[in-house]
Every structure is written in C-alpha cells, then in structure tokens.
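For reference, the structure is listed below as structure tokens.
The structure displayed is predicted, hence computed values, not measured ones.
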Amino acid sequence: MHKSFGRRIVAVGAGLGLAAGAYIGIGALQADAATQHTSTAAAAVVVKKSVTVDASDWIVPRWSKVRYFGKTTGIAKGTKVQVQRLEGKKWVTFPASTTVTSKGTYSVYVSSGRVGKFQFRVVVAGVASKPSYLTITK
C-alpha cells in the first residue's frame, strides 16, 4: 500500500511539474504574441509621405499671380514646400516657397514673365507632387 501511495505522489508531482511547465510555456507564447502584435501595430502607424498640387488658374497673362495649393500626408507642420519648374529635362527651384500648416495643407503664389507652356510641381520633405501645367500668354 505504501508503494502504491508513493507512486501516486510521484505521478501527481510529475503532473504538476508538467502543468507548471505548460503554463510557463503558454505565458512565454502570449508574451511573444504580444510583442509581435505591438510590432505590427507600430508598423501600421507609419504613414507614407505624399503631396498633392492644384492651381487657381491654368492659362494666365504674364506676371499674373497663380496660386498653387494642396495637401500633404505624413509631413510635419512647418516643413518647407518648394516650387519647381521643368526647364528642358531638369526640375529647377523656382523662387517661391511656403511651409506646411498644422492641417497638412499649403498655399503659395507663383508669378512669371516667361511666355509659353510650363510644368510646375512642389517638393516637400523629399516628396514631389505630380506636375501641374500652366500656360502664360502675352
């Protein structure tokens, strides 16, 4: 009878040991899953930077002011917005700039004495908008 009782105690002890090991293992898996979930959530917060451009006019007499405006995404308030004009095959910085507002928008005026068809764009935080076409007449 004592041998049987002793075996039961050993078996119960072994069972408790396995249960404790399983519990610790589950806790470790849960901690790992929580870490993976947090990493995924942090990755999802990353917002792709973008900028749009629109114009108040597309055909204007020379030296008329044209307003370029748009929205940014993922770009901080106060970041410089620079206007560029396509000259040949190269984008050249135009003497017009502004900054991003707290709402992620911007607005800037452009004026040129050159007559012809031109492409303008804005660049902010290394991101360029699609070009906007402007015809300047005499």
Side-chain angles (χ1 to χ4, degrees):
M1 204 176 210
H2 290 310
K3 285 184 179 180
S4 170
F5 183 72
R7 288 182 191 149
R8 286 184 194 161
I9 290 175
V10 171
V12 169
L16 289 174
L18 289 173
Y23 181 76
I24 292 170
I26 290 171
L29 289 174
Q30 288 173 341
D32 185 45
T35 302
Q36 288 176 353
H37 179 69
T38 303
S39 297
T40 303
V45 173
V46 175
V47 177
K48 185 177 178 184
K49 294 179 182 179
S50 66
V51 61
T52 64
V53 67
D54 202 354
S56 59
D57 290 299
W58 292 272
I59 301 174
V60 296
R62 53 192 268 187
W63 299 115
S64 295
K65 284 186 177 180
V66 176
R67 179 176 166 251
Y68 285 102
F69 55 95
K71 291 185 93 171
T72 65
T73 304
I75 298 172
K77 171 188 172 186
T79 304
K80 185 176 182 178
V81 178
Q82 182 65 56
V83 177
Q84 292 183 335
R85 178 171 58 194
L86 186 62
E87 293 184 10
K89 294 184 179 183
K90 185 177 178 183
W91 287 100
V92 177
T93 299
F94 197 79
S97 65
T98 189
T99 58
V100 176
T101 69
S102 61
K103 294 182 180 181
T105 61
Y106 70 90
S107 178
V108 63
Y109 287 91
V110 171
S111 181
S112 178
R114 286 189 181 179
V115 175
K117 294 181 181 184
F118 300 97
Q119 292 183 52
F120 286 90
R121 72 177 185 180
V122 295
V123 177
V124 57
V127 179
S129 70
K130 291 182 179 180
S132 177
Y133 295 87
L134 177 65
T135 300
I136 301 174
T137 61
K138 288 186 177 181

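For residues 68-83, the set of pairs meeting the salt bridge (charged side-chain N to carboxylate O under 4.0 Å, His left out) definition, not counting sequence neighbours, is empty. For residues 94-111, the set of pairs meeting the side-chain hydrogen bond (donor to acceptor under 3.5 Å, both in side chains) definition, not counting sequence neighbours, comprises Arg67-Ser107, Thr101-Thr105. Among pairs with a residue in residues 106-116, those fulfilling salt bridge (charged side-chain N to carboxylate O under 4.0 Å, His left out) read Glu87-Arg114, at least two apart in sequence or across chains.
Shortest non-hydrogen contact noted between Pro61 and Ser64 is O-OG, 2.9 Å. Here the closest heavy-atom approach between residue Ser112 and residue Arg85 is recorded as OG-NH1, 3.3 Å.
Remark: Phe118 pairs with no residue by the ring-ring contact (aromatic ring centres under 6.0 Å, His included) rule, at least two apart or across chains. Every residue two or more places apart in sequence or in another chain that forms a side-chain contact (heavy atoms from CB on, under 4.5 Å) with Asp54 is listed here: Trp58, Phe69. Residues forming a side-chain hydrogen bond (donor to acceptor under 3.5 Å, both in side chains) with Ser50 (at least two apart in sequence, or on another chain): Thr73. By the side-chain hydrogen bond (donor to acceptor under 3.5 Å, both in side chains) test, Arg121 is found to be paired with Gln84, residues two or more places apart in sequence or in another chain being considered.
Gln82 places a side-chain N or O within donor-acceptor distance of the main-chain N or O of Ala96, the cut-off being under 3.5 Å.
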Between Val81 and Val108, is a side-chain contact (heavy atoms from CB on, under 4.5 Å) present by the stated rule, with each step listed?
CA-CA 9 Å; Val81 178; Val108 63; 5.5 Å; no
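Note that CZ of Phe94 is 4.5 Å distant from CZ of Phe120, once rounded to the nearest 0.5 Å.
Other residues sharing the hydrophobic cluster of Val123, ordered by chain and number and joined by side-chain separations under 4.5 Å: none, the residue standing alone. With a 4.5 Å cut-off between side-chain heavy atoms of Ile, Leu, Val, Met, Phe, Trp and Tyr, the cluster of Trp91 takes in Leu86.
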Identify each donor-acceptor pair in which a side-chain atom of residues 128-138 lies under 3.5 Å from a protein atom, sequence neighbours left out, and give them as a table.
residue, atom, partner, partner atom, Å
Ser129, OG, Val122, N, 3.1
Thr137, OG1, Val60, O, 3.4

